[in-house]
Amino acid sequence: MENPAPRHGARAAGTHGAVEREHGATADAPAAGTESEATHPKGGRRLPAKVVWPVVAALGFGCYTIWIDHTSGASGGQAALLGLIAAVITGALGLALVHFQSTMITDTRALAYGTLFGASMGWLYNLSGPSVLKSSAWGLVMGAVMFVVSLYIFRNHRVREPHGLHRPRRQGRHGHGTPHGAH
């Protein structure tokens, strides 16, 4: 009967990329007990968050468009069609933005998020009845708020930046905060 707990040496060797053939490990197989990112525990495939969030936001935007248009006096069919069109357009733009955001610098990415959000909120406000001028002003204000919030989030989570750190981190006692170097 084998001991289910791994030996300390085997665990340490596994963390440094060594593959022990005697235990049946292969270079391309995930470690025992770990789950691949693309599979769900029940055997199905899991969608990545960069697909799920834009789709969820687009569905919410489409439903809110239906509600605003219907309460403004449009028929149910017309409101549903407008909501579907709004969801498809904002979903496509959101998916494109999330797909290409890794190629954008931080300021451009924040501006893109602000533009998409501001245009969407201005259009929804116009749909509820105010003039085009008021709706445009509302869209600019909401876009500016989203730009500032996005820029704050992107700058304070520099570790996830696609182009690396914008400002160097301070060196800790044991070298934490810098990329892992060779031993």
Side-chain angles (χ1 to χ4, degrees), residues 14-17 19 26-31 34-41 43-66 68 81-127 132 135-172 174-183:
T15 60
H16 292 288
V19 177
T26 59
D28 57 348
T34 62
E35 182 180 317
S36 174
E37 286 184 25
T39 61
H40 192 270
R45 297 196 49 87
R46 184 186 310 181
L47 291 174
K50 64 191 217 176
V51 172
V52 171
W53 287 115
V55 169
V56 168
L59 289 174
F61 185 76
C63 290
Y64 193 58
T65 300
I66 293 170
I68 284 181
L81 181 62
L82 189 62
L84 177 67
I85 293 169
V88 168
I89 290 173
T90 57
L93 290 173
L95 285 169
L97 177 59
V98 170
H99 178 73
F100 290 110
Q101 76 178 349
S102 63
T103 63
M104 298 178 196
I105 59 175
T106 303
D107 300 342
T108 306
R109 186 169 30 147
L111 184 63
Y113 275 98
T115 302
L116 180 60
F117 186 73
S120 299
M121 292 300 108
W123 182 73
L124 279 178
Y125 191 58
N126 186 27
L127 193 60
V132 173
S135 301
S136 298
W138 177 251
L140 283 173
V141 168
M142 295 307 291
V145 168
M146 180 59 126
F147 170 74
V148 169
V149 169
S150 298
L151 193 61
Y152 175 78
I153 290 171
F154 297 151
R155 291 279 170 108
N156 285 326
H157 293 90
R158 291 187 308 267
V159 176
R160 298 183 196 149
E161 285 293 314
H163 303 291
L165 301 174
H166 290 281
R167 293 170 285 197
R169 290 188 168 187
R170 285 186 267 171
Q171 185 84 7
H174 301 290
H176 297 298
T178 59
H180 183 68
H183 291 286

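By convention here, the first residue in the shown sequence is residue 1.
A search for side chain to side chain contact (heavy atoms under 4.5 Å, CB included) contacts involving S150 returns A110, Y113, M146, F154, not counting sequence neighbours. Partners of V52 by side chain to side chain contact (heavy atoms under 4.5 Å, CB included), not counting sequence neighbours, listed by chain and number: L47, V56.
You'll find the side chain of L111 stays beyond 4.5 Å of the side chain of M104, heavy atoms only. In this structure, the side chains of S120 and F61 come closer than 4.5 Å at one or more pairs of heavy atoms.
Atoms CG and CE, on L140 and M121 in that order, are 14.0 Å from each other to the nearest 0.5 Å. Note that OG1 of T90 is 8.5 Å distant from CG of L59, once rounded to the nearest 0.5 Å. Note that CG of L124 is 10.0 Å distant from OG of S135, once rounded to the nearest 0.5 Å.
Applying the 6.0 Å contact sphere to CH2 of W138 captures no more than 12 heavy atoms from other residues, nucleotides or ligands.
Partner Y152 forms a side chain to side chain contact (heavy atoms under 4.5 Å, CB included) with one of V149, N156, V148 and no other, that one being N156. Of the candidates L127, I66, I68, L127 is the only one forming a side chain to side chain contact (heavy atoms under 4.5 Å, CB included) with L82.
In this structure a side-chain-to-backbone donor-acceptor pair under 3.5 Å is missing from T65 to G83.
The shortest non-hydrogen separation linking A49 to P54 is O-CD, 4.0 Å.
Residue pairs meeting the salt bridge (charged side-chain N to carboxylate O under 4.0 Å, His left out) criterion with at least one member in residues 85-107, sequence neighbours excluded, are D107-R155.
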